[in-house]
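See structure below.
Ligands are counted one by one from 1 in listed order, and the atoms in each one are counted from 1 as well.
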Amino acid sequence: MTTLVRCGSLFTGNEDVERKNQVLVIDSGRLTYVGPANEVPKSAPKVDSVLDYSEFFVMPGLQDVHTHLAYGNAKTEEDIDLYQPMEFRSIRGLFFAQKCLAAGYTSICSPGDAGQISLSVRNAIDYGLFDGPRVTAAGRYLTSRQGLTDWYPTWIGVPDTSIGRLVTSRDEAIEEIRVQVKNGVDCIKIALDGVQRRPDGEFIAAFNQEETTAMVTEAHRMGRKVVVHARGREATLYAARAGVDLIFHAYYLDQECIDAILESSSAIGPTLTFPRNIVDFTRPTEPAYLKGRIADVQREYETACANLRRAHQSGIPFMTGTDSGFAVTPYGEWHAREIEIFVKDLGFTPAAALRAATAVTAGFMAKGSSFGVLEVGRAADFIAVAGSPLKDVAILQDKSRIRHVHLAGKRVAVPERGYDPRQVTDQAWTNWNDLYTQERVVELGIRPARLSATLQDS
Ligand SMILES: [Zn+2]
């Protein structure tokens, strides 16, 4: 079955330009020709069908390296870790993976989830049971007492249904890596820093250098890549020295970190959409705002952009991801905002940002050398866009412009399906955003009707 696709403009992911009068020829899901319409080799097999995308901009399917399939658009950590059974979270993850695909994201990495949810979603799609994006799956984050995902007090610990796996020694960490590899993960996720800071404000790395190097060495020995959560300078430096493949955030990196990352050939996935959305969307009545976090996030965002611009200029590869799966980053909604942020806040050219979101990010994904770029031999994963993202990358966030999504040549269509988010997530027992003392009630101008009625009765 050979299909020929006429492209209005073609962006292959290998170069900075869009070309006119190009065609793709696809055979058994793979590209057998990419180039000018009038140069299709005479020896090419007979074409069975023609797709006319001559009104559209054709480009590789987009890649999000940071989408947590099991979080379910959570509002709280408790919703992520506790309130839904793992079986339900898997089915929900599959539903939401399809939302990502519909948004033009043909490949995502789910870097850290409870149980074996991400790899089960990956397998259900790989085995052909459901349509969905290609999934690169991690298991639970390896965490220490100082790491992200060890949220709860020591008397509760890290529950088995949590996204984290608390390891309290180097041996336990090595054992957990071997268990996860046996279960079939594509990559290992380490919570390399958390929320603990020194008195001067610096984030404390959750593992020391020797532990970090031991974990990374073992994962690499077993043929798995390693991705870390590292906002702080120290964790970023340890990760780079240990040869970690991908560092998320790296907001406080300095020149020493940049040198170490260049030396180790690691990539950075800044995931700036998440803090940007927190700042832009959180309303004054919400707990994050009331706790004063928004001003902190805004400050961190500005520091991060200044530092990351230097990292980009120094030649470190950047990958696009969004931390989708939270209430501020729902699946299928904001993935392409990261591309716009790369251009506006990190100084990428539109073409470089589009290459980051395709070819470069595919470089981290499992079997990533077989897609991510439109060239002969790779899978025909591509999207047809109304308008040119090279002129305005923001149009990729407009779902009405993502006209067609193809995965291994096949056009996929995800049905629109309404649902009640309160049933799907939102189980945590948070009931109020305020503390209703008598003084506060007066301040808010609330008339306590029931109380005054009672007083009148007596
Ligand atoms: Zn994350």
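- The ring of F274 has its center no closer than 6.0 angstrom to the ring center of Y301.
- Of the residues listed (R178, E176, E175), the one engaging E218 in a side chain to side chain contact (heavy atoms under 4.5 Å, CB included) is R178, and it is the only one.
- Qualifying ring pair (Phe, Tyr, Trp, His ring centres under 6.0 Å) partners for Y53, counting only residues two or more places apart in sequence or in other chains: F56, H404, H406.
- Protein N/O/S atoms found under 2.8 Å from the Zn ion (ligand 1), listed by chain and residue number: H66 NE2, H68 NE2, D323 OD1.
- W334 pairs by the ring pair (Phe, Tyr, Trp, His ring centres under 6.0 Å) definition with F281, not counting sequence neighbours.
- Note that K75 lies outside the cation-pi zone of F326, set by a 6.0 Å cut-off to the ring centre and a 45° limit from the axis.
- Sequence neighbours left out, the pairs with a member in residues 208-237 that pass ring-ring contact (aromatic ring centres under 6.0 Å, His included) are H229-H249.
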